Visitor: 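Quick one: the structure is below, questions incoming.
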Amino acid sequence: MTPAYDLAPADVHDRLTARQIVLIDVREPAEYAAERIHGALNFPLSTFDADALPAGGPRAIVLQCGSGKRSAMAMDLCRKAGVEVAGHLDGGIGAWRSADLPVVRIDPATGAVRDAR
């Protein structure tokens with residue numbers, strides 16, 4: 001996959017469903033635990049190490065955060081480290097939710113995991 005950088009939620013969803021990408025969520029663990037995209041892996045920006053990403057495999061790396069700011073910062077860190085990424089989710093998980101795509105949420109009252117839109 002050639003770098004497109006700003007990827008639309010529907011495009012990321014389709015590529016994730018087709019198992020063409022690895023989605024890396026760079027939000028902090030508490031944000032990730034409260035709500036996340038199915039299949040996303042958590043690599044928080046605060047401790048981000050581009051060399052630790054699962055790169056070099058058959059799936060391209062796409063980064064994601066809450067709004068797109070931190071994932072753009074992580075893309076820059078990857079570029080500086082020589083780690084190729086296909087891009088990031090434009091607008092982050094907020095844009096994902098606005099596109100009515102599924103997320104996983106934790107019910108704070110019970111701790112139950114719930115699929116949501």
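Everything numeric here is computed off the predicted structure, so don't read it as measured data. Sequence positions, counted from 1, serve as the residue numbers for this chain.
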Visitor: Does the side chain of Arg15 come within less than 4.5 Å of Leu7's, by heavy atoms?
Guide: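 With C-beta onward as the side chain, the pair touches.
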Visitor: Nearest 0.5 Å, please: how far is CD1 in Ile61 from SG in Cys78?
Guide: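 The SG atom of Cys78 sits 7.5 Å away from the CD1 atom of Ile61.
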Visitor: Would you confirm whether Asn42, through its side chain, and Arg27, through its main-chain N or O, come within 3.5 Å as a donor-acceptor pair?
Guide: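 Yes; judged by distance alone, with no hydrogens or angles, the pair exists.
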Visitor: Kindly list each side-chain donor-acceptor pair under 3.5 angstrom involving residues 90-97, sequence neighbours excluded, with atom names and distances?
Guide:
from, atom 1, to, atom 2, distance (Å)
Trp96, NE1, Pro102, O, 2.8
Arg97, NH1, Glu35, OE1, 2.7

Visitor: Between Asp25 and Ile37, is the side chain to side chain contact (heavy atoms under 4.5 Å, CB included) condition met? List the steps.
Guide: CA-CA 8 Å; Asp25 187 331; Ile37 295 170; over 6 Å; no
Visitor: Rounded to the nearest 0.5 Å, how far does NE2 of His13 lie from CG of Asp100?
Guide: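 If we round to the nearest 0.5 Å, Asp100:CG and His13:NE2 are 10.0 Å apart.
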Visitor: Using the side chain to side chain donor-acceptor pair (under 3.5 Å) criterion, which residues pair with Ser46? Sequence neighbours excluded.
Guide: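 Here the qualifying residues are Glu28.
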Visitor: Decide whether Tyr32 and Leu45 are clustered together by the hydrophobic rule: side chain heavy atoms of Ile, Leu, Val, Met, Phe, Trp, Tyr closer than 4.5 Å, transitively.
Guide: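 Different clusters.
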Visitor: Any side-chain heavy-atom pair from Gln64 and Val12 closer than 4.5 angstrom?
Guide: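 No - every pair of side-chain heavy atoms lies 4.5 Å or more apart.
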Visitor: If hydrophobic clusters are built from ILVMFWY residues whose side chains come within less than 4.5 Å, do Leu101 and Val104 share one?
Guide: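 In one cluster with Leu101: Val104, no.
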Visitor: Checking the side chain of Arg105 only, and the main-chain atoms of Ala34 only, is there a donor and an acceptor separated by less than 3.5 Å?
Guide: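 Such a contact is absent between Arg105 side chain and Ala34 backbone.
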Visitor: Mind checking whether Val62 and Val85 have side chains closer than 4.5 Å, heavy atoms only?
Guide: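 They are not in contact (no side-chain heavy atoms under 4.5 Å apart), so the answer is no.
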Visitor: Counting C-beta onward and ignoring hydrogens, is there a side-chain heavy-atom pair between Pro9 and Leu89 closer than 4.5 Å?
Guide: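 Yes; the side chains approach each other to less than 4.5 Å.
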Visitor: Atom CZ in Phe48, atom CE in Met73: separation rounded to 0.5 Å?
Guide: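 Between Phe48 CZ and Met73 CE, I get 11.0 Å after rounding to 0.5 Å.
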Visitor: Should Val26 and Leu41 be regarded as members of a common hydrophobic cluster, given that ILVMFWY residues are connected when their side-chain heavy atoms come within less than 4.5 Å of each other, either directly or indirectly?
Guide: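 Yes: a chain of side-chain contacts under 4.5 Å links Val26 to Leu41.
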Visitor: Check whether any side-chain heavy atom of Gln20 lies under 4.5 Å from a side-chain heavy atom of Arg59, and answer yes or no.
Guide: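 Contact flag for Gln20/Arg59 side chains = no.
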Visitor: Indicate the atoms forming the closest heavy-atom contact of Ala52 with Phe43, along with that distance.
Guide: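 Scanning both residues completely, I find the closest heavy atoms to be O-CE2, 3.6 Å.
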Visitor: Under a 4.5 Å side-chain heavy-atom rule over Ile, Leu, Val, Met, Phe, Trp and Tyr, are Tyr5 and Leu53 clustered together?
Guide: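 Linked within one cluster.
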Visitor: Which value, rounded to the nearest 0.5 Å, describes the distance between Ile24 atom CD1 and Cys65 atom SG?
Guide: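 Those atoms lie 13.0 Å apart.
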Visitor: Asp76: which residues meet the side chain to side chain donor-acceptor pair (under 3.5 Å) condition with it, sequence neighbours left out?
Guide: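 Lys80.
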Visitor: Once you round to the nearest 0.5 Å, how far does CG of Leu63 lie from CE of Met75?
Guide: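 With rounding to 0.5 Å, CG (Leu63) is 7.0 Å from CE (Met75).
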